[in-house]
Amino acid sequence: MKLNRWLKNSAFAEKNLSYKLNVIFGLFFLVPVFGLLYFAVKYEILSDEALPYFFIILLVFSLLGFTLLRGIFDRIIGISREVKKHVSSGDRAAEGSGKSDELENIANSFAAMEHRADSAFSRLERKVSEVSLLKELSDLCYVTLDSEELLHITLERALKLADADIGSVMIFEGRDRDHFVVRATIGLGDRISIGDRVDFAASIARYAVINKSPLVIEDIETDTRFGRINRPQYGTRSFICMPIKTIRDIIGVITLSRRTGDVPFTTEQADVIAPLISNAAFTFENLRLMREGEGNARLFRVLDRISEILGSGIGGRELVKSVLGEVRHETAFRRAVILLCDESRTGDLSLYDCYDSHDVEKQAPKPGTRYSAGNVLFERLLRRGHSIVTDDAELSSTSPEGDLLGVGNGENESSMLLVPMKNDGNITGMLAMCGIRSETAATVRGFIEHVAAVLGLVIVRDTLSAAVTRRADELATLRQIGGALASSTFDINQVLSYTMDMIKGTMHVEAGSLFLVEDNELECSIAFGLDMRDMRERRLKQGEGIAGYVAARGETVVVNDFAASTLFQGYMYEMNHFRADSVLAVPLVSQGRVIGVLEVLNKTIGDFNNDDAQLLQSIASSVSIALENARLYSETLSMAEQEREIRRIFQKFVPKEIVDKIIHGADAETKLHDEFRTLTLLNIDIRGFSGMARRVGPQKTVSLLNHFFSIMGEIVFRHDGIVDKYLGDGFLALFGAPVSSPADADNAIRAALEMREALLLLNERFIEEAQTALNVGISIHTGEVVVGNIGFEKKMDYTVIGDSVNAVFRIQNLTKNYANGILISEKTLRATQSRFELREVGRSDIDAAQGEIAIYEVLSSSGVGRDDNSDAAMNAGSAGTA
């Protein structure tokens, strides 16, 4: 025992196995060898021959045994080093002092391994506990449908995993995500309660949301990133704030801390909690989506019922009330109010209607009541243009708006939802729903926006329908007035009297008057509700009173508070002892100038508005036209008489169509004064008529001659010519006056050919009554003449003069050699556009200015164009000459 103690205390104990092996081997080998040598010397056995062999064998076997032992000890040393290396890499306590031998190192290593196994087992037990908590939470996620319970249990499990005892869960709320709402809390007492709101911008939790990663605070008082102002929110110095993340976004945060802040939180603890929070976030999102799905299904059913109501045929306030009744089943609002923007007063809102769930509508304000759009809450809604969820704090219960919305009714946990109603992007009003639960208001916000859009369209539709009905009534009135004016006899007094009667019955006014401008002053022509004798005693100057102001400026004036108006004076109303409260006056305008003023007083139903002004202006326009028509009536009569006289005179000489063109000016070239133009003249003369007249007597001669003129004159008219003058047994016809055309020469030739054909029927009568047949000569010439009214004021003739007139008569003399012949001049041939069968009969000096020109006989009409006419004429002329 002492030896062992000595060995342990000696330096030998600090040596490694190799050193100890060498010492042991030396002790086992040297002592026997030296003892054997001692006995060999003492007993003189060194001379024995076998002794060297013995020593050699002893050395060999000793060396072999030492080698084997050295190999075993080297292996033990290697194992010791490997074990020490692996153990000491993870446990500094296993390294020891570095002075122990290999066997002790092995023992220490096994002890360290046992310690590490115990530690790993402890951690494994902790992981098993964590997995068990996650499994419990997972099972709860499949069992519970209550998100509040889910968040509370998640907080409990998180506190247990993080070895914490204080915590809270805050979820985002609101469309703008500008605040948290506490949904679960443990250990915070009355510092934070469920339902409290925490401003996002003032909360440290915003850093976890912005960075989307856990926020670990070891000591909030020493952390330079934050201030101590947030400490009461968490209760301790050190805490963990982790975002609750779903697939789409971060929905909130969970905060954990301890009552004793000695041990700070670490990132590893945040990592342990992360799976728990992820699982809870996934389940919370599923529950939210499930609730949203159920809520959307209910809302869709409400929309279906609303669609049925819209198609039911009811309208107006009954339809709106039915729609809001369906909405009330889903939202449970206390009161719904619809306010419309007032077009006439931009700073006011007009109450469309008020619906109360307690059926106390009799106590509600009447439709049409005005409210100020400058109210803080209303003004914010109209300016921002999107819905607002708020409480009663922004309205005073004593204000008209607060009384309308039922502020201060004692209900708690209720919100107010205000939604704008729009049409074509413009805000036309608002829908306010009061007494809705806060969570319900946030859920149905989008649904109510759609309902507001539907109600806005319904109200706009009803407004347009009412406007259309009102316009229809006004148009019916205007048609009656217009019909009366159109069927009147242009008696101005009768027109004005009927108009004022229609105004009195249509516009619901107490009095009215009509002023006409005479010598730059206004004179009352007719009135109702006022004393006409007093009205006519005074003439108004331009600019005097309302009527004078309207006449001077030509503008419509609407005054609904006459007593407060400083621009106008009472003038005639004081004279007539008539009190004017409201006045509407419009100008009567004709041909750009004011000819009078139409004025109505004191509307019995409401105030004068733009619709009244437009209606009265329309009536005034009709009256202006009637007045102008009455003024022009006498002129129209004289013009009609003049037209009848012109027709009576001209229809004796020209066709009716030509007369119409002359009178109505259809042809821009038609003129009644003298002018110089190119015409085609036709002269027809009966051969041997004098002898026939002596045989049959004057009476039968006139009868036969008139019959001849009627047949031949009608042919001239049919070819757009006129009979200029009768010349005994013939007449002169004009083609191209007073209305000319490019076919004048063609028309004259075709008329001549038709006259020659008409002789067959004429000769039957002449042979029967005068026992002789007619023989005529027709001459045609084209040239310049003076055409117009020639004569003096007591006797005027529309006729022609000039050398061309003489020329056609000279050609007429040449027709004596041709029975029923038709001769035309070269100038007429050039003016034609159609082809005729011609034969040149010679040349004659019929026109002093032109000299000798060719004369052609018209044989027949070939009906072809002008391009071949000259060649045909030349061929005919050549044949005739030959």
Side-chain angles (χ1 to χ4, degrees), residues 474-475 477-504 506-507 509 511-559 567-569 571-573 575-576 580 583-601 608 610 612-639:
E474 294 174 357
L475 288 175
T477 300
L478 292 175
R479 282 196 297 269
Q480 292 177 6
I481 295 176
L485 296 176
S487 61
S488 66
T489 60
F490 295 98
D491 184 349
I492 190 61
N493 294 326
Q494 180 180 351
V495 170
L496 297 182
S497 177
Y498 179 81
T499 301
M500 298 306 286
D501 290 340
M502 292 296 296
I503 292 174
K504 181 179 179 181
T506 303
M507 301 195 67
V509 292
S513 57
L514 188 145
F515 298 88
L516 294 179
V517 177
E518 295 289 343
D519 298 329
N520 207 28
E521 291 183 343
L522 292 176
E523 179 181 354
C524 183
S525 296
I526 191 171
F528 65 89
L530 300 171
D531 191 344
M532 277 300 299
R533 291 177 299 179
D534 293 339
M535 294 290 290
R536 288 176 177 172
E537 287 179 359
R538 183 178 180 186
R539 297 168 65 95
L540 296 177
K541 297 180 180 179
Q542 295 280 346
E544 182 181 1
I546 295 179
Y549 179 88
V550 173
R553 304 191 58 140
E555 300 175 355
T556 298
V557 171
V558 179
V559 179
L567 181 61
F568 309 112
Q569 299 175 355
Y571 63 104
M572 290 191 174
Y573 309 136
M575 294 175 57
N576 286 277
V583 181
L584 170 61
V586 298
L588 302 176
V589 181
S590 177
Q591 297 182 357
R593 63 185 182 88
V594 178
I595 63 173
V597 175
L598 185 57
E599 185 179 66
V600 290
L601 310 172
F608 288 115
N610 292 333
D612 296 323
Q614 293 177 6
L615 175 60
L616 190 61
Q617 186 62 67
S618 299
I619 295 174
S621 299
S622 300
V623 173
S624 299
I625 295 173
L627 292 173
E628 186 67 16
N629 289 342
R631 185 184 65 83
L632 298 175
Y633 182 62
S634 59
E635 297 180 11
T636 303
L637 291 177
S638 61
M639 291 175 62

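Quick note: residue numbers are just sequence positions, from 1. A quick note: this is a predicted structure, and the numbers were derived from the prediction, not measured.
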Side chains of [X] and [Y]: closer than 4.5 Å at any heavy-atom pair?
{"X": "Phe608", "Y": "Val600", "answer": "yes"}
{"X": "Pro587", "Y": "Thr556", "answer": "yes"}
{"X": "Glu599", "Y": "Val557", "answer": "no"}

Legend entry - CD1 on Ile619 to CD on Gln614, rounded to 0.5 Å: 12.5 Å
Inset, instruction - To the nearest 0.5 angstrom, please state how far the CG atom of Asn610 sits from the CD atom of Gln617. - result: 12.5 Å
Which atom of [X] lies closest to which atom of [Y], heavy atoms considered:
{"X": "Ala620", "Y": "Val586", "answer": "CB-CG2, 3.7 Å"}
{"X": "Ser590", "Y": "Ile595", "answer": "CB-CD1, 3.8 Å"}
{"X": "Val558", "Y": "Ala613", "answer": "CG2-CB, 4.4 Å"}
{"X": "Val550", "Y": "Ala585", "answer": "CG2-CB, 3.8 Å"}
{"X": "Val509", "Y": "Leu601", "answer": "CB-O, 3.4 Å"}

